[in-house]
Amino acid sequence: MIQAAWSSLLRPPGKQSPEAYRAEWIPGYPSGVDAGIQVKPLDVDHQEVALPDGVSRRTLSRAGVLLALACRDARPVLEREASLDRFSIGAYCAMEPGPVDLHAARVMAAEPGADFARAYQANVNPKAYFHAMPSLPIAQVGIYLGILGRMTAFTHSSLGGQMALEQANRDLAAGRVRVAVVCGAFSLENPFVVLREARRSKPGTVLCEGAFCLVLRAPARLANLAPAEGRMERYGNIDTLMEMLIGGEHA
């Protein structure tokens, strides 16, 4: 459980039934020992959902869109601090690199070498490489929220959320920032990340999409790190913080 001045949490409803994972651009995936991966996606159309002003959907991965949704209502909370000193607000984000354009990769792999240039021009979105940049989503959020202090993306595949909160705590305690925005997002858009998470999880685990945003004015204690007994839902790189925030909802 984390005490925060303000918080936002996006997660699938508890009553939502898991579904079998399918990767649109990889026929037959998953199969064999990886068949039957169960997931709970968020009911968010990342290509249509309304985003804050100044956020370009074409440059954001699905995880980046989920992060923007979790953070967009924090602006009124930060207005006073931003009016006094925008450099005193820091942002600490748990975000893995996004996927490459899997559709373009599949199409181009089947093209003969002589047609490579034509296939590249026809299938590769010039902005697609932005999706793989883990620092871009927090930069976009920082622009919208008016943050000019430290902004960092923590990309560790399992400890990203904890690392973001720990660094925010250190900066708050040392007086480097007066307010810290700690946030993160996990999505199911990258089939290789889904496969990795499924293989590192216990059998029967359900992988869930999620996002969170915390506004801290004092260091938050990171407690109850041990997963709850019998818990069978995981949120990838932000799992520990999501568990504590979900636990806080029911405290």
Side-chain angles (χ1 to χ4, degrees), residues 2 4-13 39-79 81-82 86 89-101 125-156 160-161 163-165 167-168 177 179-190 193 207-216 235-239 241-242 245-246:
I2 301 174
W6 180 88
S7 65
S8 174
L9 179 64
L10 297 179
R11 66 184 181 104
V39 298
K40 284 186 180 182
L42 282 167
D43 186 18
V44 173
D45 185 344
H46 60 273
Q47 296 180 340
E48 299 294 338
V49 68
L51 295 178
D53 294 340
V55 176
S56 172
R57 181 178 286 103
R58 295 185 67 191
T59 62
L60 289 175
S61 63
R62 177 172 174 83
V65 171
L66 298 180
L67 182 77
L69 288 175
C71 296
R72 64 180 177 182
D73 293 333
R75 187 168 183 171
V77 184
L78 299 173
E79 282 182 349
E81 286 78 7
R86 294 180 185 272
I89 307 173
Y92 308 80
C93 178
M95 179 65 62
E96 288 196 73
V100 298
D101 188 336
N125 181 342
K127 293 187 177 182
Y129 75 96
F130 285 124
H131 292 188
M133 298 173 63
S135 59
L136 184 62
I138 189 57
Q140 294 275 23
V141 167
I143 291 171
Y144 171 69
L145 296 181
I147 298 173
L148 294 181
R150 177 174 187 168
M151 285 190 285
T152 308
F154 296 84
T155 61
H156 195 281
M163 294 171 70
L165 182 58
Q167 187 60 59
V177 296
V179 178
V181 176
V182 182
C183 53
F186 175 74
S187 76
L188 302 169
E189 66 188 323
N190 189 337
V193 169
L207 301 179
C208 303
E209 290 189 319
F212 73 92
C213 179
L214 305 172
V215 176
L216 305 176
Y235 293 83
N237 59 319
I238 60 172
D239 185 65
L241 291 191
M242 288 293 288
L245 291 169
I246 293 169

So Leu214 and Leu245, do their side chains get closer than 4.5 Å, heavy atoms only? yes
Which atoms form the tightest heavy-atom contact between Asn237 and Ala185, and what is the distance? OD1-O, 3.7 Å
What side-chain donor-acceptor pairs closer than 3.5 Å can you find for residues 131-138, not counting sequence neighbours?
| unit_1 | atom_1 | unit_2 | atom_2 | d |
| --- | --- | --- | --- | --- |
| His131 | NE2 | Arg58 | O | 3.0 |
| His131 | NE2 | Leu60 | O | 3.4 |

Shortest non-hydrogen contact from Leu145 to Cys71? CD2-O, 3.7 Å
Side chain to side chain, Leu69 and Leu51, heavy atoms closer than 4.5 Å: yes
So Thr152 and Gln167, do their side chains get closer than 4.5 Å, heavy atoms only? no
Measure the CE-CD1 distance between Met95 and Ile238 for me, rounded to the nearest 0.5 Å. 8.5 Å
Rounded to the nearest 0.5 Å, how far does CG of Leu165 lie from SG of Cys183? 11.5 Å
Measuring only between side-chain heavy atoms, which start at C-beta, is Met242 closer than 4.5 Å to Phe186? no
Arg86 side chain vs Leu148 backbone, donor-acceptor pair below 3.5 Å: no
Shortest non-hydrogen contact from Ala74 to Val215? CB-CG2, 4.3 Å
Output for pair (Glu81 CD, Ile89 CD1), nearest 0.5 Å, gives 6.0 Å
Reported CH2-to-CG distance for the pair Trp6 and Leu78, which is rounded to 0.5 angstrom: 8.5 Å
Looking at Tyr144, is Arg75 sitting on its ring face, NZ or CZ under 6.0 Å from the six-membered ring centre and within 45 degrees of the normal? yes
Should Cys93 and Val141 count as side-chain neighbours, where that means a heavy-atom distance under 4.5 Å? no
Closest heavy-atom pair and its distance - Gly90, Val177: N-CG1, 3.8 Å
Check whether more than 12 heavy atoms from other residues, nucleotides or ligands sit under 6.0 Å from atom CG of Asp45, and answer yes or no. yes
Taking side chain as C-beta onward, heavy atoms only, is Arg62 less than 4.5 Å from Leu42? yes
Hey, what do you get for OG1 (Thr59) to CD (Gln140), rounding to the nearest 0.5 Å? 4.5 Å
So which heavy atom on Glu209 is nearest to which on Leu188, and how close? OE2-N, 3.0 Å
Looking at every heavy atom in both Tyr235 and Pro12, which two are closest together, and how far apart are they? OH-CD, 4.1 Å
Report yes if some heavy atom in the side chain of Tyr92 is under 4.5 Å from a heavy atom in the side chain of Arg150; otherwise report no. yes
Could you list the residues that satisfy salt bridge (Lys or Arg N to Asp or Glu O under 4.0 Å) with Glu189, not counting sequence neighbours? none
Any residue meeting side chain to side chain donor-acceptor pair (under 3.5 Å) with Ser8, in chain and number order, not counting sequence neighbours: none
